[in-house]
Structure formats: structure tokens, C-alpha cells
Amino acid sequence: VHQRTHTGEKPFVCSDCGTSFSQLSNLKSHERIHTGDKPYSCSDCGKCFKTSTLNVHQRTHTGEKPYVCSDCGTSFSQLSNLKSHERIHTGEKPYSCSDCGKCFKTSKELKVHQRTHTGEKPFVCSDCGTSFSQLSNLKSHERIHTGDKPYSCSDCGKCFKTSTVLTVHQRTHTGEKPYSCSVEGWACNSNF
């Protein structure tokens, strides 16, 4: 089995799609994509999995986060999440848009961005039919219908539908004015 890593031999072939594997166990695991078989179940919540990713899932119950960022100490339950996070420190943006060239840290960010080009809006409000390109925007929109205001001001207790509106409101308490006039040629030092 080990020598196949050198020879490149992949004698185990999927009869459904033709993908080949060097180990029988990998073929068996792959075949579950076609059969839908999910033999691994979580003893805590009953959710089922096609592969042994059950171990990764169980960290959602145990809270275990074995992958730690060497720069800031933030920990993660999955190695892939740590790798994405590390790009905050390195500035690396390996995923580029083929339409406009803009680069992103994760493939998920790129996928969301590409909807600005395609016009795709896959998230639809079940109350009014308005569609959105991002799930977070749908969730914010749905609060119009539910009246839910989950973000509360720690100073006065007033509640808001979005964290952005709460942040703007909190400036009434702090006196912060983050926007300043910077029109060239004007002697304006106003803050807004």
C-alpha cells in the first residue's frame, strides 16, 4: 500500500464515476457519496456522517479546540479553520475572482463575492419572497417580520435588529465621531 504513494498506482476504481484510489478503504469511503450511506452517528445529538469526520463534529459538543494560532493564541476545532485564520496575520489571499481579479482569504468569501457578478441570490425570505446573496442578510431581513431585536445596548438597554445599528447607537453614549471631513482645499475639521 505504501509503495503506491511512489508508483502512483490506483487500482481501486469507483464503478459510478470512475474515480480511482490507492487504497480500498478510500474507495469504500468515496462510494458513500453515491449511496448516501452515513454509518457514523454522534452519540450526543444523533447526527450521521459518511466518513470518520464524526471525530471533528464531536468537538462541537466537547468544546475541544486543539489547533492554536501561534501568532495570537486563538484556538480552533478544525485545522482548516486555523489555516483560514492565519491568513489574517499573513495577509495571504489565495482565492481570486476570475471576473474582476479581487482576492480573498477563503474560498467561501470568493463564492459570496462572485454572486455580485452572477446576480445569484439563493437565500429567500419565506414571508415575503425577497432574496439575498448572503445568508446573514436574510437573517437580518427576517427580523422585520419577527420584530426580533437581539442586540441590546449595555448602557441604556435599548434593543436593535442588527449589530451595526447598535454600534452606531452606542456612539451617542461614548461621543465617538469616527467620520471626519477631508475635502482637499477646505479648512474643515468637523467630525461626524
Checklist entry - Do R32 and P39 have side chains that get closer than 4.5 Å, going by heavy atoms? => result yes
Checklist entry - How far apart are the closest heavy atoms of S152 and G157, and which atoms are they? => result CB-O, 4.3 Å
Checklist entry - In Å and rounded to the nearest 0.5 Å, what is the CD to CG distance from E31 to D37? => result 10.5 Å
Checklist entry - Taking the side chain from R171 and the backbone from E176, do they hold a donor-acceptor pair closer than 3.5 Å? => result no
Checklist entry - Any side-chain heavy atom of H57 sitting closer than 4.5 Å to one from F49? => result yes
Checklist entry - Heavy-atom distance under 4.5 Å between the side chains of H61 and C42, does that happen here? => result yes
Checklist entry - Rounded to the nearest 0.5 Å, how far does CZ of F21 lie from NZ of K10? => result 8.0 Å
Next on the checklist: Is the shortest side-chain heavy-atom distance between Q58 and S43 below 4.5 Å?
Outcome noted: yes
Checklist outcome for this item: Nearest heavy-atom approach of V56 to Q78 is CG1-CG, 3.3 Å
Item to check | Interatomic distance, L79 atom CG to S84 atom OG [nearest 0.5 angstrom] | outcome: 9.5 Å
Checklist entry - Rounded to the nearest 0.5 Å, how far does OG of S75 lie from OH of Y67? => result 12.0 Å
Checklist entry - From H141 NE2 over to C128 SG, what is the distance, rounded to the nearest 0.5 angstrom? => result 3.5 Å
Next on the checklist: Treating T106 as the side-chain partner and E109 as the backbone partner, does any N or O pair qualify as donor plus acceptor under 3.5 Å?
Outcome noted: yes
Item to check | Interatomic distance, F12 atom CZ to K28 atom NZ [nearest 0.5 angstrom] | outcome: 9.5 Å
Item to check | Close side-chain approach of V165 to K161, heavy-atom, < 4.5 Å | outcome: no
Item to check | Distance-minimising heavy-atom pair for H169 and C156 | outcome: NE2-SG, 3.3 Å
Item to check | Close side-chain approach of C14 and L27, heavy atoms under 4.5 Å | outcome: yes
Checklist entry - Are any non-hydrogen side-chain atoms of Y40 and K47 less than 4.5 angstrom apart? => result no
Checklist entry - Is there a side-chain contact between S70 and H89, using heavy atoms and a 4.5 Å cut-off? => result no
